[in-house]
There are 4 protein chains.
Amino acid sequence: MPTPELATLLVSCPDRRGIVAALAQVLYGHGANILDSDQHTDGVAAMFFQRIRFDLAELQTDKHTLERAIAEVAERFGMSYRLIYAQQKKRVALFVSRYEHCLYDLLLRHRSGELACEMALVVSNHPELEHAAREFGVRFVQFPITPETKAEQERRELELLLAERIDLVVLARYMQVVGAELCARFEGRILNIHHSFLPAFVGGKPYHQAHARGVKLIGATAHYATPNLDEGPILEQDVVRASHRDSVEDLARKGRDLEKVVLARAVRSHLEDRVLVYGNKTVVFD
Amino acid sequence: MPTPELATLLVSCPDRRGIVAALAQVLYGHGANILDSDQHTDGVAAMFFQRIRFDLAELQTDKHTLERAIAEVAERFGMSYRLIYAQQKKRVALFVSRYEHCLYDLLLRHRSGELACEMALVVSNHPELEHAAREFGVRFVQFPITPETKAEQERRELELLLAERIDLVVLARYMQVVGAELCARFEGRILNIHHSFLPAFVGGKPYHQAHARGVKLIGATAHYATPNLDEGPILEQDVVRASHRDSVEDLARKGRDLEKVVLARAVRSHLEDRVLVYGNKTVVFD
Amino acid sequence: MPTPELATLLVSCPDRRGIVAALAQVLYGHGANILDSDQHTDGVAAMFFQRIRFDLAELQTDKHTLERAIAEVAERFGMSYRLIYAQQKKRVALFVSRYEHCLYDLLLRHRSGELACEMALVVSNHPELEHAAREFGVRFVQFPITPETKAEQERRELELLLAERIDLVVLARYMQVVGAELCARFEGRILNIHHSFLPAFVGGKPYHQAHARGVKLIGATAHYATPNLDEGPILEQDVVRASHRDSVEDLARKGRDLEKVVLARAVRSHLEDRVLVYGNKTVVFD
Amino acid sequence: MPTPELATLLVSCPDRRGIVAALAQVLYGHGANILDSDQHTDGVAAMFFQRIRFDLAELQTDKHTLERAIAEVAERFGMSYRLIYAQQKKRVALFVSRYEHCLYDLLLRHRSGELACEMALVVSNHPELEHAAREFGVRFVQFPITPETKAEQERRELELLLAERIDLVVLARYMQVVGAELCARFEGRILNIHHSFLPAFVGGKPYHQAHARGVKLIGATAHYATPNLDEGPILEQDVVRASHRDSVEDLARKGRDLEKVVLARAVRSHLEDRVLVYGNKTVVFD
């Protein structure tokens with residue numbers, strides 16, 4: 001048996017009949033073998049979404065021909081689509097400030113094989129975490145930021161991301177608001193972790209807000225960054241139980257466990273091309 | 001061995017040394033046997049909270065003498081306190097509109113012995129759930145409410161609650177805002193269930209709000225009712241996982257399970273005198 | 001637009017290429033509109049599973065022709081399959097003893113529209129729950145069981161199930177072991193709830209076992225009944241936190257909430273034709 | 001105000017009246033300030049348990065006098081007790097093999113201040129994780145183990161633990177069974193993490209066992225090690241959802257997150273002197 005050569009097709013379009021059959025037919029007709037297929041129809045929005053993972057190893061034509069055939073079907077049904085070859089691993093940049101828990105978590109997961117990507121870059125506005133990046137053999141670049149230099153530094157960050165051909169930016173407890181241009185250039189490709197169960201406790205110091213309100217659960221939310229802070233499409237959320245015994249520091253400690261797990265799940269879903277954004281919502285295929 | 005005669009002492013006061021010893025001493029000195037004792041100090045607010053459950057069966061003096069001794073200690077330490085005898089079961093009124101799930105849930109739990117109270121009354125602005133109350137042998141009283149009659153009907157409801165010597169009002173998906181007078185007269189004794197993870201999605205139609213925002217968890221919150229809608233002290237919260245597959249109806253269905261469990265836990269905590277309110281927060285002893 | 005006429009096709013077969021395309025093609029070719037499609041390949045067992053939900057309202061041929069076409073595809077790929085029309089609601093029999101919580105839970109969910117089935121029958125070895133069945137307008141039949149009469153009574157139960165054209169038997173905390181013949185005749189169509197996280201604490205009194213072992217979580221498991229007690233294919237499990245404070249009675253109380261929710265989820269999955277059994281395992285499509 | 005000087009008193013004894021008062025009195029009488037007190041009575045076993053945390057900063061006598069007074073009360077009530085001064089940080093040895101996730105997790109938590117202990121030692125039967133110990137500045141000692149050398153190596157390990165005055169051994173996914181002597185010498189002071197929801201799936205390869213059984217949740221259990229493998233007193237357990245989509249590798253990946261969190265919670269509870277063992281069970285005060 002030939003070595004598998006995996007690819008993923010992510011599709012969204014207005015709902016109509018025949019889409020599933022048309023896509024299955026075009027793949028089958030070229031010799032691609034469908035391994036996994038998940039589909040969702042939003043009845044209210046009348047939108048259709050599908051994720052197909054398939055093996056190209058025994059393609060009867062070639063990639064170029066298959067791509068043209070898919071493009072034809074896409075045009076016929078008015079589809080937006082992405083075709084991703086697993087061979088081309090996504091290149092990831094991790095943005096951090098001084099908190100190390102999410103950074104170590106992602107680097108360790110990557111080393112253990114959980115995250116199929118290249119860890120290309122750690123970017124920080126502070127120098128403290130250089131040792132961690134170095135330990136894992138990842139390039140570290142510091143961009144010190146002051147209110148005066150912020151715009152200029154973000155321009156330089158953007159240049160670096162482009163030069164390094166970065167596919168995904170992960171804000172791993174990066175304590176800076178990301179500017180509009182970076183958000184726009186990497187739309188749907190910047191993941192942020194917010195340490196509350198959004199939309200509760202938007203903005204700064206959510207653990208302090210949670211403590212003041214006396215909630216009995218605290219949460220964490222992974223979402224795509226947009227210019228509207230904390231309002232981007234949500235990929236993943238989770239909570240943990242709190243009580244009157246928990247100080248703000250206890251909430252922060254419990255929250256760190258949440259932040260790591262929630263962010264890691266979101267990163268993994270994105271890297272495996274399981275996420276489709278529509279409006280301000282996401283479809284995240286299992 | 002004599003039949004146990006249980007009582008609970010709930011105390012809150014400014015924190016200072018000697019409180020635990022003073023209370024233990026006064027109870028022990030009168031022959032009361034401490035069965036359970038839980039305590040919490042809020043270091044920031046410098047407040048002390050304690051719940052002591054004890055057995056009076058072998059009291060060497062009498063209740064009156066014990067009560068006076070406790071009152072003396074309370075005065076010495078500037079305590080607020082409540083002394084509750086288990087014999088005197090709390091009398092509960094359930095307020096409902098048309099949803100039956102929380103009503104049945106509480107009535108069934110009561111029948112199975114989970115809730116140590118008297119189910120005295122079901123109050124509704126609609127006639128539909130009379131059959132349920134009747135099936136469980138609970139008095140049902142309807143107060144139809146229109147914008148014009150609301151004030152007058154609430155006055156009559158209040159009269160009924162007082163006439164029936166109600167200790168606790170449970171808003172079991174009661175689709176009416178409770179007026180200021182009722183809130184004031186039953187402060188800390190009206191439990192409400194809100195079908196979101198407060199403070200997210202306050203106000204009407206929280207499942208619609210949750211669906212529109214695209215959250216990946218939905219929640220429910222039990223809190224004491226105050227004149228500020230959805231802002232009262234929280235006793236209990238929980239969540240359940242949601243996904244892009246869930247319509248608003250699916251969220252409502254999943255939410256019903258949450259509402260029942262969260263409300264029931266809060267009712268049970270209140271009935272067992274485990275809750276102390278301070279500011280807008282609660283101490284809920286396990 | 002014509003009224004939707006829904007059907008579900010559940011398929012399992014040895015994995016090979018072209019299955020997804022073949023099924024999509026046959027449905028599309030007859031004018032059926034695929035609404036939902038979920039698929040799973042077990043790489044180790046080399047087995048393929050799929051659930052397709054589609055709308056027949058605009059079928060260009062007729063059901064009979066479609067059924068023949070599906071049968072041909074099935075033969076070609078060596079498929080086991082079931083084709084279920086949503087119109088034909090499944091008829092359900094609930095088996096109970098004296099515990100009322102699961103019975104009420106299922107009857108209330110049915111009344112609220114959560115469970116798309118006909119509640120045809122409540123069967124019990126005791127008379128106590130007749131009132132509940134009657135309240136919901138469901139036929140109640142008692143089969144008192146002693147060691148001597150068990151075999152004969154089960155024969156009569158089986159006759160009744162057949163006479164009532166029952167599709168699904170739900171053991172809603174039925175405190176009897178179901179005999180081999182009934183298990184055989186309703187293979188894959190008897191759902192049981194066991195009050196532990198199987199395979200921990202098989203057999204009797206699982207809450208006592210859990211208390212003795214000092215576990216920090218208790219569980220519930222819904223599975224298909226087989227002649228090997230507590231070893232049938234698992235559909236659904238969940239847990240709740242316990243502590244040293246919980247007596248056996250507390251575990252039983254917490255467990256009741258679990259049992260209800262876990263059983264209800266399993267019943268719903270079965271009724272919506274989301275479950276495929278293979279070996280002793282299940283595929284449960286979301 | 002003087003610097004706080006914290007101590008914890010952990011007590012267990014046959015239940016009788018007056019215990020709470022006697023302990024409160026002896027502490028108060030010497031000028032110790034009770035900060036936290038939690039208590040539990042096991043009615044079935046007729047056993048009493050208490051944890052008292054107090055501040056010695058304004059002691060009116062001295063530690064020695066207080067210790068003698070506590071010893072007297074203990075004798076009077078037949079108490080087992082431990083008195084622990086927070087100043088004396090526990091010294092911890094981490095035992096690992098080749099898996100790095102639990103090791104990093106504990107070292108990172110320690111560095112962030114979550115774990116109040118001295119990380120004195122990393123012991124391993126393999127050389128791979130020396131770099132991690134070194135990165136965090138912790139001494140690393142390798143004891144290669146073969147069936148022939150096992151007994152001798154464990155003797156040397158025990159010597160090292162004693163020489164290093166180790167208070168707690170944490171088996172952080174250590175892939176060796178710990179011998180009887182080490183278990184005996186460190187009874188109640190060896191924490192192990194088992195990657196299943198015990199008592200399900202004892203012994204080797206629990207993720208394989210879970211996959212074969214088709215469970216819908218996987219678990220992790222932290223317990224004290226005893227000579228009876230996987231049967232020691234349980235401190236903490238948790239689970240995560242699994243599905244038919246999860247391969248054994250997926251279960252292992254999901255399980256790693258559980259293992260880390262469950263072990264860390266258990267370590268923290270032990271370090272904060274929240275755990276009392278009786279029979280094969282634990283009281284873990286919040």
Side-chain angles (χ1 to χ4, degrees), chain A residues 35-38 51 53 98-116 128-137 173 236 238 240-247 249-265 267-269 272 274 285-286, chain D residues 35-38 51 53 98-116 128-137 173 236 238 240-247 249-265 267-269 272 274 285-286:
Chain A
L35 301 173
D36 241 321
S37 160
D38 204 349
R51 175 184 184 263
R53 210 166 53 94
R98 287 192 177 103
Y99 291 119
E100 68 181 16
H101 57 287
C102 284
L103 176 64
Y104 266 95
D105 187 70
L106 292 170
L107 292 172
L108 284 164
R109 287 179 197 275
H110 181 252
R111 187 152 81 189
S112 77
E114 278 184 35
L115 302 175
E128 281 87 344
L129 296 179
E130 178 165 9
H131 73 97
R134 186 167 297 170
E135 189 205 338
F136 288 84
R173 295 300 312 274
E236 177 67 16
D238 216 335
V240 72
R241 192 152 280 277
S243 85
H244 59 268
R245 296 191 190 280
D246 292 313
S247 64
E249 290 69 35
D250 292 322
L251 298 184
R253 171 178 50 81
K254 291 180 168 184
R256 284 197 292 270
D257 282 339
L258 272 184
E259 295 163 22
K260 288 186 290 188
V261 169
V262 168
L263 180 58
R265 281 191 212 137
V267 169
R268 193 173 150 90
S269 292
E272 295 182 346
R274 297 182 177 280
F285 289 116
D286 290 335
Chain D
L35 301 173
D36 240 321
S37 160
D38 203 349
R51 175 183 186 264
R53 211 165 53 92
R98 286 193 177 102
Y99 292 119
E100 68 180 16
H101 57 288
C102 284
L103 176 63
Y104 266 97
D105 187 70
L106 291 170
L107 292 172
L108 284 164
R109 286 179 197 275
H110 181 253
R111 187 154 79 190
S112 78
E114 280 186 34
L115 302 174
E128 281 86 345
L129 297 180
E130 180 166 6
H131 72 98
R134 186 166 297 167
E135 190 205 337
F136 288 84
R173 293 301 309 276
E236 176 68 15
D238 216 334
V240 72
R241 192 150 280 275
S243 86
H244 59 268
R245 297 191 188 279
D246 291 313
S247 64
E249 290 69 37
D250 292 323
L251 298 184
R253 171 177 51 80
K254 290 181 169 185
R256 283 196 293 271
D257 282 338
L258 271 184
E259 296 163 21
K260 289 186 289 188
V261 168
V262 169
L263 180 58
R265 279 190 213 139
V267 169
R268 192 173 151 91
S269 292
E272 294 182 349
R274 298 183 176 279
F285 289 116
D286 290 335

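Below, chain A is the first sequence line, B the second, and so on; all start at residue 1.
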note = residues 250-260 of chain A vs chain D, non-hydrogen distance cutoff under 4.5 Å, contacting residues -> A:Asp250, A:Arg253, A:Arg256, A:Asp257, A:Lys260
request  = Measure distances from A:Glu249 to the heavy atoms of chain D and classify the residue's part below 4.5 Å as side chain, backbone, both or neither.
outcome  = neither
Under 4.5 Å from any heavy atom of chain A - which part of D:Asp286 = both
request  = Check whether more than 12 heavy atoms from other residues, nucleotides or ligands sit under 6.0 Å from atom CZ of A:Arg241, and answer yes or no.
outcome  = yes
task = Go through the atoms of A:His101 and report whether side chain, backbone, both or neither lie under 4.5 Å from a heavy atom of chain D.
result = neither
ask   = What part of D:Arg265 gets closer than 4.5 Å to chain A, counting heavy atoms only: side chain, backbone, both or neither?
value = neither
task = Could you tell me whether D:Arg134 atom CZ has more than 12 heavy atoms of other residues or ligands within 6.0 Å of it?
result = no
query = Should we say atom CZ of D:Phe136 is surrounded by more than 12 heavy atoms from elsewhere, each under 6.0 Å from it?
reply = yes
ask   = Which bit of A:Asp36 is near chain D, if near means a heavy-atom gap under 4.5 Å: side chain, backbone, both or neither?
value = side chain
remark   = Residues passing the ring-ring contact (aromatic ring centres under 6.0 Å, His included) test with A:His244, sequence neighbours excluded, are B:His40, B:Phe285
